[in-house]
Amino acid sequence: MNSDLFALIRGRVGAALAASAAAVPEDVLARIEVSPPREAAHGDMASNAAMVAAKAVGQPPRVLAETLARHLATAPEIAAAEVAGPGFLNIRLHPAALHAVIPAILAAGEAYGDATIGAGERVNVEYVSANPTGPMHIGHCRGAVVGDALANLLAKTGFAVTREYYVNDSGAQVTALAWAAYWRYLRAIGSDIAAEDFAARAPSGLQYRGEYLIPVGAALAEKFGRSLAAEDGGVAPPEMWFERVRDCAIAAMMAAIREDLDLLGVRPDVFASERELVASGAVEAVIARLAQAGLIYEGVLAPPKGKLPEDWEPREQTLFRATQFGDDVDRPLRKSDGSATYFANDIAYHADKIGRGFTTLIDVWGADHGGYVARMQAAIRALAGDRARFDVLLCQIVHVLKGGQPVRMSKRAGTFVTLRDLIEEVGRDVVRFIMLTRKSDAQMEFDLDQAVAETRENPVFYVQYAHARCRSVLRHAAEQGFPTTPEALAGVALDSLADAAELALIRRLAGWPRLVEGAARAFEPHRIAFFLYDLAGDFHILWNRGREAATLRFIQPERPAETGARLALVAATAMVIRSGLAVMGVAPVEEMR
RNA sequence: GCGCCCUUAGCUCAGUCGGAUAGAGCAACAGCCUUCUAAGCUGUGGGUCACUGGUUCGAAUCCAGUAGGGCGCGCCA
């Protein structure tokens, strides 16, 4: 059977429509849905087909629906189809059709729900891309998890996914990092130069004062001795030390970031270096391309409307005609010293991705970069027209709560919560799960107390608990001599599964492929978390029924046939939970401690 | 001032390319259980989907405007 029951029935509806009416346009067909009904009393599935197609067919919705219902009633899976409301088709399935979901799951394993909508299209998901200027903190964490889960989701639905991290190892922030590391170096070789005195001598002050650079200073002292300092152990001219210190500092920061990512279970396929990109000439090449296309000019931008910045003065700049591609203003590509802006580098980077053969580019950014989306969109349209699709997922800020109080984070005060701290406090799987319990563009509160609570309030616990219960049942059954392998359970008779709670659980399982596909199309990995929470709820209900009525327990030693059917259902449930957790990058637990 | 995102139950949030009587958890209230399958279970109340207008068979969903919140706004990345 088709392993997506909803897709199967949608096919039946399509066939019924083809048999009842003249050709219906493609765009109308595409709008036909077969979905779970809001009310369980409406049956197993509902379709809007008659309402959607009524106009094209030239019949009132209810009349068309009656015709479709008659055709549908002849389909082997369908027990009844009736018309309701303004023209809904309510479809009731034969129990056997629902039951067939279970062996399909057991046969497919974690691959149940895999789809082919990606058709092998090459997608590049760029996420995290934290500047290599310090350890990762909570602010980076959400984007890392969302990007990683999205990549998993797209891979599951047939896209050829590359996970990429863009290393901003060029520019002012990295220069500031080099100076900060140099200060730590001077301290390491015995200089007592104070932070304020050093800041006065560094071109952009001393921006990174965190203790995490102390080991970098020590390593520099170890490697270079006093050779990077002036005779008196003070600040030497940058030509003497800058590149070596910078490279060393970046390497140390990237090593730390990779460790942090690894703790989180994030392992990018590609680390793309901005500095290498610039060195390769790609930026000048892409500016030349745009110039050739007539999309660059020297001009003066109008000041922002409303209140004028204090230091505003008109300046002539090299501008990209972003307004031709939907942006509000044209955007500068060069600073006044002639060097490229970050935007110019980023255009070159995205052009590079397109050049590597990706046709869908997805960037996961912090919400503070929201104002940047339109110009990047414009640049990509200018370069690739409609040959490449570009989407940005903006991740809103995460507020951390402890004891009901917000945990204030300040780099300067040194109180920011690092990713490592967070993982050590609640665990990697909890971090990943919680980060996916909100739409990415909604603000989120991360309640440290709730994250480790063992109650229904904690979705991680609730879902893991359902999986552990499933596994526990299967372990007990195996001890009592019941077959519990997927192969064995895929062959058992399932007729006895007729309880309302059992059928509700099966319906939920049947919806997994549909959910996966929808989440992938919308780039919304958080839907997986909500689905698993609901699925866990359905399972827990069934489990609790057994507390009251012994005959509803999964294992019935005197009734091997019913037990087999229930074990198959339990095994299928565990499999779908595993499958969902795999997308989220969370490891399923076999038992609760 | 302009642009983007957001506004759904007391709280935190779901809500599928527009679909039927808008859902869940928490909190509140009322019962049950006091056990063994494992950290309780069942039920009830609670909504002008920020507001106003529009599109249509049908709008929380799309469009326009208003109010409130977040983010951003020429050589930071």
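Here is the naming used below: chain letters follow the sequence lines, and residue numbers restart at 1 for every chain.
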query = Between atom CZ in A:Arg31 and atom P in B:G18, what is the gap in whole Å?
reply = 8 Å

request  = Using the C1' atom as the reference point in each nucleotide, state the distance between B:C4 and B:G47 in Å, no decimals.
outcome  = 29 Å

task = Using the P atom as the reference point in each nucleotide, state the distance between B:C5 and B:C63 in Å, no decimals.
result = 9 Å

note = Here the distance between atom P of B:C76 and atom CZ of A:Arg375, to the nearest Å, is 13 Å

ask   = If the C1' atom of B:U35 is compared with that of B:C41, how far apart are they to the nearest Å?
value = 11 Å

key: Distance-minimising heavy-atom pair for A:Ala344 and A:Ile287   = CB-CD1, 4.3 Å

task = Could you tell me the separation between the CG atom of A:Asp534 and the P atom of B:G23, rounded to a whole number of Å?
result = 14 Å

query = Rounding to the closest angstrom, what is the interatomic distance between B:G54 and B:C13 at atom P?
reply = 33 Å

Span that lies between the C1' atom of B:G53 and that of B:G19, in whole angstrom = 23 Å

key: Span that lies between the P atom of B:C57 and that of B:G45, in whole angstrom   = 36 Å

query = Just by modelled atom types, is the A:Ala46 backbone N or O under 3.5 Å from a matching donor or acceptor in the A:Asn90 side chain?
reply = no

task = Could you give the distance separating B:C2 and B:G58 at their C1' atoms, to the nearest angstrom?
result = 36 Å

query = How are the rings of A:Tyr349 and A:Tyr166 set to each other: parallel, tilted or perpendicular (split at 30° and 60°)?
reply = parallel

query = B:G19 P sits how many Å from A:Met45 CE, rounded?
reply = 18 Å

request  = Could you tell me whether A:Arg469 sits above the aromatic face of A:Tyr465, with NZ or CZ closer than 6.0 angstrom to the six-membered ring centre and within 45 degrees of the axis?
outcome  = yes

ask   = Between B:U52 and B:A67, how far is it from one P atom to the other, in whole Å?
value = 15 Å

key: Distance in angstrom units between A:Asp330 CG and B:C73 P, rounded   = 18 Å

message = On RNA chain B, compare the nucleotides closest to A:Leu552 and A:Ile32; which residue's is nearer the 5' end?
response = A:Ile32

query = Which of parallel (below 30°), tilted (30 to 60°) and perpendicular (above 60°) describes A:Phe554 and A:Phe539?
reply = parallel

request  = Under 4.0 Å between any heavy atoms, over every strand shown, what does A:Tyr342 touch: base, sugar-phosphate, or nothing? Just pick one.
outcome  = base

ask   = In terms of the angle between their ring planes, are A:His140 and A:His137 parallel, tilted or perpendicular, with boundaries placed at 30° and 60°?
value = tilted

query = Does A:Ser47 or A:Val300 map to a spot on RNA chain B nearer the 5' end, using the closest nucleotide for each?
reply = A:Ser47

query = When the distance from CD of A:Glu26 to C1' of B:C17 is rounded to whole Å, what number comes out?
reply = 16 Å

request  = Go ahead and write out RNA chain B as dot-bracket, 5' to 3': ( ) for pairs within the strand, [ ] for ones crossing earlier pairs, | when the partner sits on another strand, dots for unpaired; Watson-Crick or G-U wobble, both distances under 3.5 Å.
outcome  = (((((((..((((.....[...)))).(((((.......))))).....(((((..]....))))))))))))....

message = Please confirm whether the ring centroid of A:Phe390 lies under 6.0 Å from the ring centroid of A:His350.
response = yes

Quiz item: A:Arg521 side-chain donor-acceptor pair to B:U16 base, under 3.5 Å = no

